Peer 1: 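Handing you this structure, nothing more for now.
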Amino acid sequence: MILILLPSADYDPTESSVPWQAMRNAGMEVRFATPQGLPAHADSRLVDIGFGLLNSMLMTRKADLDSYTQMTESNGFRQPLAYADVDTSLFEGLLIPGGHAKGMRTLLESNQAQQIALQFFKAEKPVAAVCHGVLLLARTLDPDTGRSVLFGRKVTALLAATMEMPAWLMTAAWLGRYYRTYKQTVEAEVKTALASKSDFIRGPLIAKRDCAHAPQAGFVVRDGQLLTARWPGDCHRFAAEWVAMLQPPKR
């Protein structure tokens, strides 16, 4: 059984539902947890409001929205656990999607969510995070070391110069700080949690969106039992490699 952590609202529909779909297709049971144990809606602008003339660049693709709709109709999604009620011993892996609208802060600033993540790391169970989801791990401190659970690991996350800042600049005139969850970029904060800035792996200079038929176009970083990715355009590869991590090796 795999656990997906969601905020109260505003997570990314692609980053949550594409891995969920892959796990479901592989026959895995998936449960969700939210701050209060209530079903959480993804970022409405990414689900149905859209971005007008910028839809082709910023809007969730139809195939991924279809996966999101199926996810929201599943029993596991409709009956989430509260963070406080999660027993990590019942789960084999943890997945943390991202999102940038302010509702994400209910996940990223949650001490309970950080404790859940810490327990997975302590048990050396697989953990996957994408985009802003990597921030939760950067903020999760190991009390034995006083350092982030990411310290000494190689990771990736949302890139500042080619992803976060361009999206903000394109939309700031009418959406304000919608694309800036915090004053510090995701990349900058994640780097402060690492043993070396060189442990942050940026991937190809030009990011290409992957899809179900071409997952290899995406980019991920795997370090042992940790898998990270940058943005929704990596999520089909992210999902495929996550499922491969969770499945026992073939004999």
Side-chain angles (χ1 to χ4, degrees), residues 1-12 15-16 19-20 23 28-37 40 76 80-100 103-158 181-182 184 186-187 189-195 199-200 220-230 234-235 238-239 241-243 245-246:
M1 187 160 59
I2 309 302
L3 180 66
I4 297 179
L5 288 183
L6 297 178
S8 58
D10 287 343
Y11 57 94
D12 187 284
E15 294 170 2
S16 53
W20 171 83
M23 288 187 283
M28 299 176 184
E29 182 180 356
V30 182
R31 295 293 308 272
F32 295 82
T34 62
Q36 304 299 326
L81 299 164
Y83 291 165
D85 295 332
V86 170
D87 179 352
T88 59
S89 69
L90 301 178
F91 297 92
E92 287 98 46
L94 172 68
L95 188 137
I96 310 163
H100 47 262
M104 275 296 295
R105 296 177 185 175
T106 60
L107 168 62
L108 300 178
E109 299 173 10
S110 169
N111 290 330
Q112 291 176 327
Q114 291 171 21
Q115 286 302 306
I116 291 170
L118 177 63
Q119 290 171 34
F120 275 89
F121 273 87
K122 287 294 192 182
E124 299 183 350
K125 294 180 179 180
V127 175
V130 54
C131 195
H132 283 64
V134 184
L135 271 185
L136 180 73
L137 303 181
R139 296 172 176 182
T140 298
L141 301 182
D142 183 339
D144 294 334
T145 64
R147 293 168 170 165
S148 168
V149 294
L150 296 183
F151 190 86
R153 298 176 183 270
K154 295 189 182 299
V155 302
T156 194
L158 187 69
T181 315
Y182 298 102
Q184 191 175 31
V186 172
E187 179 178 345
E189 184 173 348
V190 169
K191 283 181 175 177
T192 65
L194 305 178
D199 288 339
F200 187 93
V220 300
V221 172
R222 180 175 177 180
D223 187 330
Q225 294 287 74
L226 174 65
L227 182 71
T228 53
R230 304 169 300 177
D234 292 330
C235 281
F238 178 69
E241 299 214 18
W242 175 238
V243 168
M245 280 178 64
L246 296 170

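Worth saying up front: this structure is predicted, and the values here are computed from it rather than measured.
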Peer 1: Residues two or more places apart in sequence or in another chain: which of them pass side chain to side chain contact (heavy atoms under 4.5 Å, CB included) with Ala239?
Peer 2: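 Only Val18, Pro19, Ala22 meet the side chain to side chain contact (heavy atoms under 4.5 Å, CB included) criterion with Ala239.
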
Peer 1: State which residues pass side-chain hydrogen bond (donor to acceptor under 3.5 Å, both in side chains) with Thr181; sequence neighbours excluded, sorted by chain then number.
Peer 2: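 Per chain and number, Thr181 pairs via side-chain hydrogen bond (donor to acceptor under 3.5 Å, both in side chains) with His132.
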
Peer 1: Using a 4.5 Å cut-off on heavy atoms from C-beta on, say whether the side chain of Met23 contacts that of Val243.
Peer 2: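 Yes, their side chains come closer than 4.5 Å.
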
Peer 1: To the closest 0.5 Å, what do you measure between CZ (Phe120) and CD (Gln115)?
Peer 2: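 Answer rounded to 0.5 Å: 13.0 Å.
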
Peer 1: Using side chain to side chain contact (heavy atoms under 4.5 Å, CB included) as the criterion, list what pairs up with Cys131, not counting sequence neighbours.
Peer 2: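 By the side chain to side chain contact (heavy atoms under 4.5 Å, CB included) rule, Cys131 matches Glu15, Leu158.
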
Peer 1: Flag the pair Pro126 / Trp242 as yes when at least one side-chain heavy-atom distance between them is below 4.5 Å, and no otherwise.
Peer 2: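 Answer yes - side chains close enough.
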
Peer 1: Can you list the residues that meet the side chain to side chain contact (heavy atoms under 4.5 Å, CB included) rule with Gln112, with sequence neighbours excluded?
Peer 2: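 Once residues adjacent in sequence are excluded, the partners of Gln112 under the side chain to side chain contact (heavy atoms under 4.5 Å, CB included) criterion are Tyr83, Ala84, Ser110.
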
Peer 1: Could you list the donor-acceptor pairs under 3.5 angstrom formed by side chains in residues 1-11, with sequence neighbours left out?
Peer 2:
from  : atom 1 : to     : atom 2 : distance (Å)
Ser8  : OG     : Thr106 : OG1    : 3.2
Asp10 : OD2    : Gly103 : N      : 2.8
Tyr11 : OH     : Ala40  : O      : 2.6

Peer 1: Do the non-hydrogen side-chain atoms of Ile96 and Val130 ever get within less than 4.5 Å of each other?
Peer 2: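 Of all side-chain heavy-atom pairs linking Val130 with Ile96, none is under 4.5 Å.
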
Peer 1: Mind checking salt bridge (Lys or Arg N to Asp or Glu O under 4.0 Å) for Lys125 and listing every partner two or more places apart, or none if nothing turns up?
Peer 2: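 None.
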
Peer 1: By side-chain hydrogen bond (donor to acceptor under 3.5 Å, both in side chains), which residues pair with Asp87, not counting sequence neighbours?
Peer 2: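 For Asp87 the side-chain hydrogen bond (donor to acceptor under 3.5 Å, both in side chains) partners, ignoring immediate neighbours, are Ser89.
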
Peer 1: Residues two or more places apart in sequence or in another chain: which of them pass side chain to side chain contact (heavy atoms under 4.5 Å, CB included) with Gln114?
Peer 2: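 If we apply the side chain to side chain contact (heavy atoms under 4.5 Å, CB included) test to Gln114, skipping adjacent residues, the hits are Asn111, Leu136, Arg139, Thr140.
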
Peer 1: With sequence neighbours excluded, tell me which residues meet side-chain hydrogen bond (donor to acceptor under 3.5 Å, both in side chains) with Thr88.
Peer 2: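 In terms of side-chain hydrogen bond (donor to acceptor under 3.5 Å, both in side chains), with neighbours along the sequence ignored, Thr88 is linked to Gln119.
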
Peer 1: Just by distance, do the side chain of Arg222 and the backbone of Gly224 share a donor-acceptor pair under 3.5 Å?
Peer 2: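 Yes, Arg222 side chain to Gly224 backbone: donor-acceptor pair under 3.5 Å.
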
Peer 1: So for atom CD, which belongs to Gln184, do other residues, nucleotides or ligands contribute more than 12 heavy atoms lying within a distance under 6.0 Å?
Peer 2: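 More than 12 within 6.0 Å, yes.
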
Peer 1: Cation-pi check for Tyr182 against Arg105: NZ or CZ below 6.0 Å from the six-membered ring centre and within 45 degrees of the axis, yes or no?
Peer 2: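 Checked: cation-pi criterion met.
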
Peer 1: With a 4.5 Å heavy-atom cut-off, do Leu246 and Met28 have their side chains touching?
Peer 2: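 Result yes, sub-4.5 Å side-chain heavy-atom pair found.
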
Peer 1: Per the salt bridge (charged side-chain N to carboxylate O under 4.0 Å, His left out) rule, what does the pair list look like for residues 107-122, sequence neighbours excluded?
Peer 2: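 As it turns out, the salt bridge (charged side-chain N to carboxylate O under 4.0 Å, His left out) pairs with a partner in residues 107-122, which skip direct neighbours, are Lys122-Asp142, Lys122-Asp144.
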
Peer 1: Flag the pair Leu194 / Phe200 as yes when at least one side-chain heavy-atom distance between them is below 4.5 Å, and no otherwise.
Peer 2: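 Yes, their side chains come closer than 4.5 Å.
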
Peer 1: Under the salt bridge (Lys or Arg N to Asp or Glu O under 4.0 Å) rule, collect the residues that match up with Glu187, sequence neighbours excluded.
Peer 2: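 In terms of salt bridge (Lys or Arg N to Asp or Glu O under 4.0 Å), with neighbours along the sequence ignored, Glu187 is linked to Lys191, Arg202.
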
Peer 1: Please tell me if the side chains of Val155 and Asp223 come closer than 4.5 Å, counting only heavy atoms from C-beta onward.
Peer 2: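 In short, these two side chains do not touch, never coming nearer than 4.5 Å.
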
Peer 1: Could you tell me whether the side chain of Phe121 reaches within less than 4.5 Å of the side chain of Leu226, counting heavy atoms only?
Peer 2: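 In short, these two side chains touch, coming nearer than 4.5 Å.
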
Peer 1: So do the side chains of Val127 and Leu227 get within less than 4.5 Å of each other, counting heavy atoms only?
Peer 2: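 Counting from C-beta outward, Val127 and Leu227 never come under 4.5 Å.
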
